[in-house]
Amino acid sequence: MQSKWTENDLFLFQHLIPDDVDLDYAVSQSHENQFPENEVSKTQGMLLSLLIRISQSKRVLELGTLAGYSAIWMAKAVPDDGKVVSLECDREKFELASRNIAHAGLQNKVELLCGPAAQSLQNLIDEGTEPFDFIFIDADKPNNPLYLQLCLQLSHPGTVIFGDNVIRDGKLCEKTSEDPKVKGVRQYIEDLGMSDRLDSTALQTVGIKGYDGFTLTLVKS
Ligand code: SAH
Ligand code: DHB
Ligand code: MG
């Protein structure tokens with residue numbers, strides 16, 4: 001089925017997603033550096049952009065920058081006085097993302113923090129950083145449960161939390177899985193469901209990036 005999923009995604013990209021040289025540049029640089037092709041797809045990037053604009057989010061937090069592809073999508077979605085803070089632990093990726101964001105002329109809207117996301121999140125909490133309106137969790141999946149707890153301390157009622165890659169080729173349902181990524185997303189979804197402060201859903205997706213899915217959460221209190 002993968003070739004059919006890809007062909008259909010290509011039709012959607014052609015008709016729905018405007019050409020954007022800044023996004024194309026970021027992806028081509030990432031692939032040239034042989035970084036994993038784990039950036040969101042074009043339609044997923046547009047979904048992030050639409051969710052940010054529909055929710056009128058100004059302050060966006062991203063966990064997992066890679067080459068800055070999704071950060072560029074989101075920086076273009078926030079208003080002129082909006083901001084994206086993105087966390088990346090890998091120095092090489094952090095530096096390439098910085099260059100890609102500068103190439104797009106978005107350096108004033110995007111702040112990249114280099115270091116383990118849990119530490120950067122704790123620093124933001126300790127500094128009393130203003131809460132974020134939209135949070136994209138897309139770093140190392142084993143830490144998703146920890147990231148959720150930290151992100152809730154950087155949220156306000158109305159904050160939207162989007163969690164990437166939770167279906168993992170359908171392995172989410174494998175309750176005896178020893179895969180730390182599967183264990184991480186399973187616990188993350190259990191935690192979402194147990195919190196009275198949150199309303200959440202999740203959708204399974206297929207496309208150019210295979211079979212996966214995401215969670216969408218509204219912080220209520
Ligand atoms: N959001 C990006 C893709 C992120 S891929 C996009 O869609 O364009 C996941 C990224 O998380 C990788 O770049 C990886 O280096 C980073 N990462 C992995 N573990 C991390 C950690 N503990 N802290 C911060 N970033 C981490
Ligand atoms: C993985 C991470 C991602 O952010 C992604 O989009 C796809 C896969 C992973 O860690 O396997
Ligand atoms: Mg992802």
Side-chain angles (χ1 to χ4, degrees), residues 2 9 17 20 22-31 33-49 51-52 60-77 84-101 104 106 110-124 134-148 150-151 161-172 177 179-186 188 202-216:
Q2 181 58 60
D9 243 356
I17 312 298
D20 185 310
D22 302 325
L23 290 166
D24 291 347
Y25 181 81
V27 170
S28 67
Q29 288 294 304
S30 187
H31 297 178
N33 280 269
Q34 323 228 315
F35 289 159
E37 299 190 7
N38 283 345
E39 65 280 345
V40 294
S41 72
K42 291 177 188 233
T43 40
Q44 290 163 353
M46 182 62 95
L47 177 61
L48 292 171
S49 171
L51 289 170
I52 285 168
V60 173
L61 174 64
E62 173 176 69
L63 283 58
T65 315
L66 190 56
Y69 182 75
S70 52
I72 292 171
W73 264 110
M74 297 193 291
K76 289 183 177 212
V84 177
V85 176
S86 183
L87 316 180
E88 174 57 55
C89 67
D90 183 88
R91 172 64 59 177
E92 264 193 274
K93 292 173 183 140
F94 164 83
E95 283 173 0
L96 180 64
S98 306
R99 292 198 295 277
N100 288 339
I101 285 157
L106 292 166
V110 183
E111 183 181 354
L112 299 182
L113 301 177
C114 191
Q119 186 59 58
S120 297
L121 290 167
Q122 192 59 59
N123 293 344
L124 290 169
F134 187 93
I135 303 178
F136 180 39
I137 301 181
D138 193 26
D140 49 324
K141 314 310 171 195
N143 275 320
N144 265 19
L146 172 61
Y147 293 154
L148 176 62
L150 293 168
C151 286
I161 303 177
F162 188 106
D164 203 17
N165 313 117
V166 298
I167 304 295
R168 313 205 64 78
D169 221 2
K171 298 195 192 91
L172 174 69
S177 175
D179 178 341
K181 295 183 182 183
V182 172
K183 289 169 86 166
V185 294
R186 283 177 60 88
Y188 172 71
L203 288 178
Q204 307 186 58
T205 57
V206 294
I208 201 162
K209 299 281 171 175
Y211 171 30
D212 212 329
F214 62 85
T215 58
L216 186 64

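Every number for a ligand or one of its atoms is a count from 1 in the order of the listing.
- Looking at Thr205, its side chain does come within 3.5 Å of a backbone N or O of Asp212 through a donor-acceptor pair.
- Of all protein heavy atoms, the one lying nearest to atom 9 (C) of ligand 1 is Asp138 O, 3.2 Å.
- No N or O atom of Asp90 sits closer than 3.5 Å to an N or O atom of ligand 1.
- Residue Pro116 has no nitrogen or oxygen atom sitting less than 3.5 Å from a nitrogen or oxygen atom of ligand 1, judged on distance alone.
- Every residue meeting the side-chain contact (heavy atoms from CB on, under 4.5 Å) condition with Ser177, not counting sequence neighbours, appears here in chain and number order: Glu174, Asp179, Val182.
- Of all the listed residues (Asp140, Asn100, Leu87, Leu113), Asp140 holds the heavy atom that lies closest to atom 22 (N) of ligand 1.
- For the pair Ala117 and ligand 1, the shortest N or O to N or O distance falls below 3.5 Å.
- Proximity to Ala139 (heavy-atom distance under 4.0 Å) selects the following atoms of ligand 1: 11 (O), 26 (C).
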Can I get a per-line list of side-chain donor-acceptor pairs under 3.5 Å for residues 87-97, giving both atom names and the distance, sequence neighbours left out?
unit_1	atom_1	unit_2	atom_2	d
Glu88	OE1	Thr65	N	3.2
Glu88	OE1	Leu66	N	3.0
Glu88	OE2	Asp90	N	3.0
Asp90	OD2	Glu92	N	3.3
Asp90	OD2	Lys93	N	3.0

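- In this structure, the protein non-hydrogen atom closest to atom 7 (O) of ligand 1 is Val40 N, 3.0 Å.
- Below 3.5 Å of separation, one finds an N or O of Ser70 facing an N or O of ligand 1.
- Between Val60 and the choices Val110, Ile135, Ile52, Val85, the side-chain contact (heavy atoms from CB on, under 4.5 Å) rule is met once, by Ile52.
- No salt bridge links Lys181 with Asp140; every basic N to acidic carboxylate O contact stays at or beyond 4.0 Å.
- At least one heavy atom of Phe136 sits closer than 4.0 Å to an atom of ligand 1.
- With respect to atom 13 (O) of ligand 1, the closest heavy atom belonging to the protein is Glu88 OE1, 2.7 Å.
- Panel detail: the Mg ion (ligand 3) has protein N, O or S atoms under 2.8 Å away, 3 in number.
- Under a 4.0 Å N-O distance rule, the pair Asp20/Lys42 does not qualify as a salt bridge.
- For ligand 2, the protein residues within 4.0 angstrom (heavy atoms only) are Asn38, Asp138, Lys141, Asp164, Asn165, Arg168, Lys181.
- The closest side-chain donor-acceptor pair between Glu62 and Ser70 falls under 3.5 angstrom.
- The distance criterion of under 3.5 Å between nitrogen or oxygen atoms is met by Cys89 with respect to ligand 1.
- Distances below 4.0 Å separate heavy atoms of Thr65 from the following atoms of ligand 1: 2 (C).
- A salt bridge links Glu39 with Lys209: at least one charged nitrogen is closer than 4.0 Å to a carboxylate oxygen.
- In the vicinity of Lys93, heavy-atom distances shorter than 4.0 Å reach the ligand 1 atoms 13 (O), 15 (O).
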